[in-house]
Amino acid sequence: MEKIQSVATSENGGSQEEIKKVDGSACGYETLHQLLRENLRPDIFQEVSRLLLGLNGGRALESIALPDPAKTISIKHEFDLQAFRFNADKELLREPQIVRVGLIQNSISLPTTAPFLDQKRAIYKKLEPMIDAAGASGVNVLCLQEAWMMPFAFCTREKRWCEFAEPINGESTQFLQGLAKKYNMVIVSPILERDVNHGETIWNTAVVIGNSGNVIGKHRKNHIPRVGDFNESTYYMEGDTGHPVFETAFGKIAINICYGRHHPLNWMAFGLNGAEIVFNPSATVGELSEPMWPIEARNAAIANSYFVGSINRVGTETFPNPFTSGDGKPQHSDFGHFYGSSYFSAPDASCTPSLSRHRDGLLISDMDLNLCRQLKDKWGFRMTARYEVYELLLHQYLRPDFKPQVISDPLLHKKC
Ligand SMILES: NC(=O)NCCC(=O)O
């Protein structure tokens, strides 16, 4: 890949170098982390990393070596492969609860104009070696990106993309069930769901497949965006499954699908139900959300004393018919760039560097789930939460006669 394109411009009487982005990269670098590493003095980079990524147990997050077969697969299939470890303090009465967790981010494989069946098959073909690499790395719990089995066509408002929707026990689940069993791995599979027993209703759903290949359950996306080109409300309604936590062989997991990450109560509810790891499979674009991306999941991990795995898809998906979204922009045929940048956050405020902004990738992290309780004991966020105060406020707020509790400066309204 060509890194950067330098364009000499003459402005204000002087000449200046303008670094111009030539692909989905950050000024030619895979990630912000790489950009900083390659441009800062090592000691300065170390300090900047401490400030940006935090410390785990007082130290910079360790990266871990993965088995050669996993590396070989990632080289052959050209995807980013990185691995880290979150440690917890040794406890006297509990054994460490170390779980290896994986996140996969990817672009679609074929143009959106290809026959739908070919598009689906091509995505499976791309995903299989990535899941094999997770299996070869001993990943216990793996999560895929939002609606991984199709292009993210919800910008278009065209109903023909509904054809990609599948029942919970459909083709994509069956494809993953074999791999889950083969690798003794829990797989979280976010799909476009068609509920054939309830009038063919469509949902945005995460299917949780157990490590024996069984379907443990599902969670339907709670908050549906109506922002920018995210015209998802044309396709599916707000989820009706609450905030389930799935107790798996490798820990208690939950899924907060994409736009749900902007809703702190959504994160909180998964925490109240006891989640130790919450996945946030997403599809979002730089222009809209990139400044929020490194903050929201990390804040949720801190506030709720659990780990978060954030995944975003990669690339630009162009659709055959141009569309508009009522925001004054000229008609266009794509969402913009899905900026990848998947990462893990921990309850102690540390986080991993993110995967590439423009390449497919598998991010792996070991995490000692004991860290969740250790942080609850240290900071006491559950104990100090004052839920009863908020219960009262929410109760009042939901009443038609609600009046905001505002105390005005009497001088503001005094007539002189
Ligand atoms: N898929 C989805 O909900 N995207 C909305 C945009 C965002 O939340 O960043």
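What you see is a predicted model, and the numbers here were worked out from it, not measured in a lab. Start at 1 and go down the list; that is how both ligands and their atoms are numbered. Reckoned from all heavy atoms, side chains included, excluding hydrogens, waters and symmetry mates. Sequence positions, counted from 1, serve as the residue numbers for this chain.
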Quiz item: Quick one: does His262 get a heavy atom under 4.0 Å from ligand 1?
Solution: yes
Exercise. For Arg261, take its heavy atoms, then give the atoms of ligand 1 lying under 4.0 Å from any of them.
Key: 7 (C), 8 (O), 9 (O)
Quiz item: Can you tell which part of Tyr259 has a heavy atom less than 4.0 Å from ligand 1: side chain, backbone, both or neither?
Solution: both
Self-check item: Shortest non-hydrogen separation from Ser342 to Gln105 and the atoms involved
Solution: OG-OE1, 2.7 Å
Exercise. Look at atom 5 (C) of ligand 1 and say which protein heavy atom is nearest, naming residue and atom and giving the distance to 0.1 Å.
Key: Phe230 CD2, 3.5 Å
Quiz item: Would you call Arg386 and Glu388 a salt bridge, using N to O less than 4.0 angstrom?
Solution: yes
Self-check item: Any Phe152 heavy atom less than 4.0 Å from ligand 1
Solution: yes
Quiz item: Among all protein non-hydrogen atoms, which one is nearest to atom 1 (N) of ligand 1, and what is the separation to 0.1 Å?
Solution: Glu146 OE1, 2.8 Å
Practice problem: Would you mind listing which atoms of ligand 1 come within a distance below 4.0 Å of any non-hydrogen atom of Ala283? | Solution: 1 (N), 2 (C), 4 (N)
Practice problem: Measure from NZ or CZ of Lys159 to the centre of the six-membered ring of Tyr235 and say whether it is under 6.0 Å with the direction within 45° of the ring axis. | Solution: yes
Quiz item: Hey, is Arg220 close enough to Glu238 for a salt bridge, meaning N to O under 4.0 Å?
Solution: no
Self-check item: Partner of Gln145 by side chain to side chain contact (heavy atoms under 4.5 Å, CB included), out of Asn106, Ile104, Asn312
Solution: Asn106
Self-check item: The single option from Arg261, Lys221, Arg313 passing salt bridge (Lys or Arg N to Asp or Glu O under 4.0 Å) against Glu146
Solution: Lys221
Quiz item: Looking only at protein heavy atoms, which one is nearest to atom 9 (O) of ligand 1, and how far off is it?
Solution: Thr284 OG1, 2.5 Å
Quiz prompt | Ser282 heavy atom under 4.0 Å from ligand 1 | solution = no
Quiz prompt | Which atom of Ser345 lies closest to which atom of Phe86, heavy atoms considered | solution = C-CZ, 4.4 Å
Exercise. Would you check whether Met292 reaches within less than 4.0 Å of ligand 1, judged by its heavy atoms?
Key: no
Quiz item: Ser289 heavy atoms, cut-off 4.0 Å: which ligand 1 atoms fall inside?
Solution: 9 (O)
Self-check item: Audit row: His337, Val285, side-chain contact (heavy atoms from CB on, under 4.5 Å) steps and yes/no
Solution: CA-CA 5 Å; His337 177 69; Val285 292; 5.9 Å; no
Quiz prompt | Geometric class of the Tyr124/Phe175 ring pair [parallel <30°, tilted 30-60°, perpendicular >60°] | solution = parallel
Quiz prompt | Protein contact to atom 3 (O) of ligand 1 [nearest heavy atom, distance to 0.1 Å] | solution = Lys221 NZ, 2.7 Å
Self-check item: Glu232: numbered ligand 1 atoms lying under 4.0 Å from its heavy atoms
Solution: 1 (N), 2 (C), 3 (O), 4 (N)
Quiz item: What part of Leu288 sits under 4.0 Å from ligand 1 if we count only heavy atoms: the side chain, the backbone, both or neither?
Solution: side chain
Self-check item: Tyr236-Phe154 aromatic ring centre distance below 6.0 Å
Solution: yes
Quiz prompt | Where ligand 1 meets Pro225 - atom numbers and elements under 4.0 angstrom, heavy-atom basis | solution = 2 (C), 3 (O), 5 (C)
